[in-house]
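See structure below.
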Amino acid sequence: MHVLVLGGTTEASALAAHLAGRRDLSATLSLAGRTSFPKPAPVPTRIGGFGGVKGLGHWLTEHRVEAVVDATHPFAAVISRNAAAACAQRGVPLLALRRPPWQAQAGDRWIDVPTMPDAVAALGPTPRRVFLTVGRLELPAFAAAPQHAYMVRTIEPIGDALPALDVVTIQDRGPFGETDERRLMQEHGIEVVVTKNAGGAATFGKIAAARALGLPVVMVARPPKPDALTVESVDAGLAWIEAHGRAS
Ligand SMILES: NC(=O)c1ccc[n+]([C@@H]2O[C@H](COP(=O)([O-])OP(=O)(O)OC[C@H]3O[C@@H](n4cnc5c(N)ncnc54)[C@H](OP(=O)(O)O)[C@@H]3O)[C@@H](O)[C@H]2O)c1
């Protein structure tokens, strides 16, 4: 059985690691190519877009894919829509592996917003020191709020995404623990954090740190994803693959 894992997440990499070296199936990990030096995976990896629903559909047929696991990031909405459409058209079983969103707890001061422009507006007119952890591609929205000072952390350099603004950049890749996040926020005098509700443990440290420091967090809600059979853990994803292997 050939399994295609749509990746770009910790869970996709973990699933690929479990599928590596198996004799009863082959797995391919697919990455969009957003980061220049992705962590090497122990299974064959293809990098770059497929060319929409049609391109993905051709790829599934050409490579005799018998099961697809959409383990993409909760904010990667287009590829999930494309996967649902292509799998439906080609009759390939699809599983979505989606980590649950973070839930506010006692002590959290979240400002929930539906979109990134709403997050920009939620910062308000008064200048503040903002910790932005929203991903490089979301940064241009914050050019509309030049009154704030930003500390921006991304995996890739931000280039000219926020030109002529008061910006401190940090290039780093998670996981990030609470203690380090707390120290970082204190060192930079951070007053508010902006994040997507990505869920998962690897980047939860900033949420715990903000809670401990009593800082507000502007929390951007997830975009809608297509209906699909969904599990929340790598183990449940593996069980689904095993069941398909037996059935086919
Ligand atoms: N969005 C985030 O906040 C975020 C955070 C961390 C990691 N990621 C990861 O980064 C990647 C891109 O995210 P995005 O938000 O830009 O996605 P997106 O908006 O849903 O997808 C845009 C296009 O990128 C290509 N693509 C996306 N994921 C792909 C994959 N795993 N393999 C091959 N092509 C892929 C597809 O191109 P074609 O139409 O040409 O096939 C898709 O139409 C995803 O793999 C995601 O898991 C995203």
Side-chain angles (χ1 to χ4, degrees), residues 2-16 19 27-39 41 43-63 65 67-87 89-90 92 94-99 101-102 113-117 119 132-142 152-156 158 161 171-176 193-204 206 218-226 228 230 234 237:
H2 184 194
V3 182
L4 174 66
V5 179
L6 299 170
T9 58
T10 316
E11 291 78 8
S13 302
L15 186 64
L19 299 177
T28 302
L29 177 67
S30 176
L31 302 175
R34 298 283 186 272
T35 50
S36 332
F37 299 102
K39 283 183 191 160
V43 296
T45 304
R46 62 162 305 286
I47 298 182
F50 293 95
V53 176
K54 204 170 163 191
L56 177 54
H58 281 309
W59 202 95
L60 296 178
T61 304
E62 194 183 332
H63 294 86
V65 173
V68 174
V69 180
D70 172 13
T72 56
H73 191 271
F75 281 76
V78 179
I79 185 69
S80 293
R81 274 203 306 274
N82 291 356
C87 286
Q89 284 171 12
R90 306 274 166 162
V92 179
L94 169 70
L95 179 76
L97 170 52
R98 289 180 199 146
R99 50 177 108 132
W102 296 316
V113 294
T115 67
M116 208 50 74
L132 271 189
T133 60
V134 292
R136 176 174 50 102
L137 300 179
E138 307 284 0
L139 294 177
F142 292 85
V152 179
R153 183 173 62 205
T154 51
I155 296 175
E156 296 286 312
I158 72 165
Q171 228 182 298
D172 206 353
R173 193 196 289 258
F176 304 106
V193 178
V194 184
T195 181
K196 297 168 169 175
N197 195 337
T203 58
F204 185 72
K206 63 190 167 191
V218 179
M219 184 65 72
V220 182
R222 296 177 171 195
K225 288 252 191 180
T230 302
V234 172

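Order of listing sets the numbers, starting from 1, for every ligand and every atom in it. Given the structure is predicted, the values throughout are model-derived calculations rather than measurements.
- Closest to atom 43 (O) of ligand 1, if we only count protein heavy atoms, is Val78 CG1, 3.4 Å.
- Residues Leu56 and Leu4 form a side-chain contact, since some pair of their non-hydrogen atoms from C-beta on lies under 4.5 Å apart.
- Looking at heavy atoms from C-beta onward, Thr195 lies in side-chain contact with Trp102 at the 4.5 angstrom threshold.
- The side-chain heavy atoms of Trp59 and Ser30, taken from C-beta on, include no pair separated by under 4.5 Å.
- Each of the following atoms of ligand 1 lies closer than 4.0 Å to a heavy atom of Ala77: 20 (O).
- Judged by the shortest distance from any of its heavy atoms, Asn82 lies inside the 4.0 Å radius around the atoms of ligand 1.
- Nearest protein heavy-atom contact of atom 36 (C) of ligand 1 is Ile79 CD1, 4.0 Å.
- Between Ser30 and ligand 1, a contact under 3.5 Å exists for at least one N or O pair.
- Below 3.5 Å of separation, one finds no N or O of Leu137 facing any N or O of ligand 1.
- Heavy-atom proximity to Phe75, at under 4.0 Å, picks out these atoms of ligand 1: 1 (N), 2 (C), 3 (O), 15 (O).
- The residue among Lys54, Arg34, Glu11, His73 with a heavy atom at the shortest distance from atom 2 (C) of ligand 1 is His73.
- Distances from atom 30 (C) of ligand 1 to the heavy atoms of Ala83, Ala32, Gly51 show the closest one on Ala32.
- In this structure, Pro74 does not count as a contact residue of ligand 1, since none of its heavy atoms falls inside 4.0 Å of the ligand.
- Counting only heavy atoms from C-beta outward, the side chains of Leu139 and Val134 approach each other to under 4.5 Å.
- Among all heavy-atom pairs drawn from Ala96 and Ala228, the shortest one is CB-CB, 4.2 Å.
- Nearest non-hydrogen protein atom to atom 3 (O) of ligand 1 is Lys196 NZ, 2.5 Å.
- Nearest non-hydrogen protein atom to atom 41 (O) of ligand 1 is Phe50 N, 2.7 Å.
- Atom 37 (O) of ligand 1 has its closest protein heavy atom at Gly49 CA, 3.6 Å.
- Note that Arg173 lies outside the cation-pi zone of Phe37, set by a 6.0 Å cut-off to the ring centre and a 45° limit from the axis.
- Residue contact check for ligand 1: Arg46 places a non-hydrogen atom closer than 4.0 Å to it.
- The shortest contact between atom 9 (C) of ligand 1 and any protein heavy atom is with Gly8 O, 3.7 Å.
- Phe50 has its side chain out of reach of Asn82: every pair of non-hydrogen atoms, C-beta onward, lies at least 4.5 Å apart.
- At least one heavy atom of Gly7 sits less than 4.0 Å from an atom of ligand 1.
- Contacts with ligand 1 closer than 4.0 Å are made by no heavy atom of Ala12, backbone or side chain.
- Side-chain contact check for Phe142 versus Val152: every heavy-atom pair is 4.5 Å or farther apart.
- Between Val134 and ligand 1, no N or O atom pair is found at a separation short of 3.5 Å.
- The shortest heavy-atom contact between Ala71 and Thr9 is O-OG1, 2.6 Å.
- The protein heavy-atom contact nearest to atom 17 (O) of ligand 1 is Ala76 CB, 3.5 Å.
- Across His58, Arg46, His2, a single residue satisfies side chain to side chain contact (heavy atoms under 4.5 Å, CB included) together with His63, and that is His2.
- In this structure, the protein non-hydrogen atom closest to atom 39 (O) of ligand 1 is Gly52 N, 3.1 Å.
- Applying side chain to side chain donor-acceptor pair (under 3.5 Å) to Thr72 and the options Lys225, Glu11, Arg98 leaves one that passes, Lys225.
- Of the N and O atoms on the side chains of Lys39 and Ser13, not one donor lies less than 3.5 Å from an acceptor on the other residue.
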